[in-house]
Amino acid sequence: MRFLFHYPELAGDQGDLLDAGPLAEVAAAAEHHGFDGFSISEHPAPGARWLAAGGHQTLDPFVALSFAAAATTRLRLLTYLSVAPYRNPMLLAKAAATLDLLSGGRLTLGLGTGYLKGEFHALGVDFAERNTLFDEALDVLPLHWSGEPFSYTGTHFDAREVIARPRPVQRPIPIWVGGNSALSRRRVAAKAQGWIPMTGGAELSTTARTAELGTIPELARKIGEIRERAAAAGRTEHIDLVYSYHDAADPAIEPERHRTAFAELAAAGVDWLVISNRTPTAAATFDFLAAFGGTYLT
């Protein structure tokens, strides 16, 4: 199992988005202490009501991960998650290909359909079209990354004999699809390289408009079904399972309980654990990285 560190997100609308520490230094520290990846989420226009209820601000994931790439050498760089319907898929593909090229082939493109209606309205995107737009993006991304001529007519665009460069280093850039629904799992089996189910219980699932994930045995059953469906379709590559672990606020407390939990998740088929902690200062973030790395990763 490998571990990703999610840059601490600022809850609400107060404070500075870099209160948790200079991003380049935090990414370098995560790499130094044994983490295998680094992630940033996306909310370009979060609503005040959602922020007051515990929502969070974010940096732009592609810009921030490019900055992290320049400060590291081996960390995987994950958009966790980029909301595919927010962008024309040509712009999404270009940003991803550029980041992959500049990082030497280290991008993993985590994609979601999105769930905040107010954010869709602020961006001028029809919330009711989000699944159609998401599927169009899954079609267009590999065509764009091929560097070969292609045409594609979408709901709001018509690309005719496009030749897009640069080609990314990875062929293809891994796509991890977020969401707990049966539709999300079918998308993973058909076209993606990984699945990012949403953890956090019934309340978060309701807010995010996705089914509750269920128990660890249920998670194991679902990833098994995804992998079997992919194999039946003739796909041979491994489908990654990514799980967000929310229970490590102080890594030094009850380490054996955490090791047992990690082992249970690994046995269920989890490949990557996303570790997050809303540390409010740079000192707290660096202390957390050192403690977690020293306890579990080195």
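Summarising the geometry of Ala248 relative to His258, their closest heavy-atom pair is CA-CE1, 4.1 Å, with the distance given to 0.1 Å.
Under the 4.0 Å criterion applied to side-chain N and carboxylate O atoms, Glu225 and Arg221 are assigned as salt-bridge partners. The pair Arg227-Asp271 counts as a salt bridge, with a side-chain nitrogen and a carboxylate oxygen less than 4.0 angstrom apart.
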Item to check | Verdict with reasoning, Glu42 to Ser82, per side-chain hydrogen bond (donor to acceptor under 3.5 Å, both in side chains) | outcome: CA-CA 6 Å; Glu42 176 170 63; Ser82 177; 3.2 Å; yes
Item to check | Full working for side chain to side chain contact (heavy atoms under 4.5 Å, CB included) between Asp139 and Lys191 | outcome: CA-CA 9 Å; Asp139 289 342; Lys191 296 183 177 181; 2.4 Å; yes
Next on the checklist: Let's go through Tyr80 and Leu65 carefully: what are the C-alpha distance in whole Å and the side-chain angles of both, what is the deciding distance for side chain to side chain contact (heavy atoms under 4.5 Å, CB included) to 0.1 Å, and is it a yes or a no?
Outcome noted: CA-CA 11 Å; Tyr80 184 44; Leu65 290 174; over 6 Å; no
Item to check | Verdict with supporting geometry, Arg187 and Leu111, side chain to side chain contact (heavy atoms under 4.5 Å, CB included) | outcome: CA-CA 11 Å; Arg187 286 168 171 153; Leu111 294 178; over 6 Å; no
Item to check | Worked verdict on Arg130 versus Thr113 for side-chain hydrogen bond (donor to acceptor under 3.5 Å, both in side chains) | outcome: CA-CA 6 Å; Arg130 68 192 188 282; Thr113 55; 4.5 Å; no
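Considering NE2 of His56 and NE2 of His43, their distance stands at 4.0 Å, rounded to 0.5 Å. Remark: Thr199 OG1 to Asp247 CG distance equals 11.0 Å, nearest 0.5 Å. The distance from the CD1 atom of Ile40 to the CD atom of Glu9 is 8.0 Å, given to the nearest 0.5 Å. Annotation: the span from Thr279 atom OG1 to Phe286 atom CZ amounts to 9.5 Å, rounded to 0.5 Å. To the nearest 0.5 Å, atoms CH2 (Trp145) and CG (Leu101) are separated by 13.5 Å.
Looking at Gln193, its side chain does come within 3.5 Å of a backbone N or O of Ile175 through a donor-acceptor pair. No side-chain donor-acceptor contact under 3.5 Å links Asp19 to the backbone of Pro280. Side-chain atoms of Gln57 never come within 3.5 Å of backbone atoms of Leu10 as a donor-acceptor pair (strictly under, hydrogens ignored). Asp100 contributes a side-chain N or O that, together with a main-chain N or O of Gln170, makes up a donor-acceptor pair within less than 3.5 Å. In this structure, Glu31 contributes its side chain and Arg74 its backbone to a donor-acceptor pair below 3.5 Å. For the pair Thr79 (side chain) and Leu109 (backbone), a donor-acceptor distance under 3.5 Å is absent. Panel note: side chain Arg106, backbone Ala69; a donor-acceptor pair is recorded below 3.5 Å. Judged by distance alone, with hydrogens and angles left aside, the side-chain atoms of Thr153 form no donor-acceptor pair with the main-chain N or O of Asp158 at under 3.5 Å. In this structure, Trp195 contributes its side chain and Gly179 its backbone to a donor-acceptor pair below 3.5 Å. At distances below 3.5 Å, at least one donor-acceptor pair connects side-chain atoms of Lys94 with backbone N or O atoms of Arg165.
There is no path of hydrophobic side-chain contacts, each under 4.5 Å, that joins Ile253 to Ile275. A single hydrophobic cluster is seen to contain both Leu265 and Phe3, as judged by linkage of ILVMFWY side chains at heavy-atom distances under 4.5 Å, directly or through other members. Leu297 and Tyr7 end up in the same hydrophobic cluster when Ile, Leu, Val, Met, Phe, Trp and Tyr side chains are linked at under 4.5 Å. In terms of hydrophobic clustering, with Ile, Leu, Val, Met, Phe, Trp and Tyr side chains grouped at heavy-atom distances under 4.5 Å, Tyr245 and Leu289 are assigned to a common cluster.
Applying the 6.0 Å contact sphere to CZ of Arg257 captures more than 12 heavy atoms from other residues, nucleotides or ligands. For His32, the NE2 atom counts as loosely surrounded, since its 6.0 Å shell holds 12 or fewer non-hydrogen atoms of other residues, nucleotides or ligands.
Ring centroid separation for the pair Phe35 and Phe292 comes in under the 6.0 Å cut-off. A ring-centre distance under 6.0 Å is not found for Tyr152 and His144.
Considering only heavy atoms from C-beta on, Arg167 comes within 4.5 Å of Glu148 through its side chain. Side-chain contact check for Asn180 versus Glu212: every heavy-atom pair is 4.5 Å or farther apart.
Taking the centre and axis of the six-membered ring of Phe262, the NZ or CZ atom of Arg259 falls outside the cone set by 45° and 6.0 Å.
Ring-plane geometry between Trp50 and Tyr115 is classed as perpendicular, the angle between the planes exceeding 60 degrees on a 0 to 90 degree scale with a lower cut at 30.
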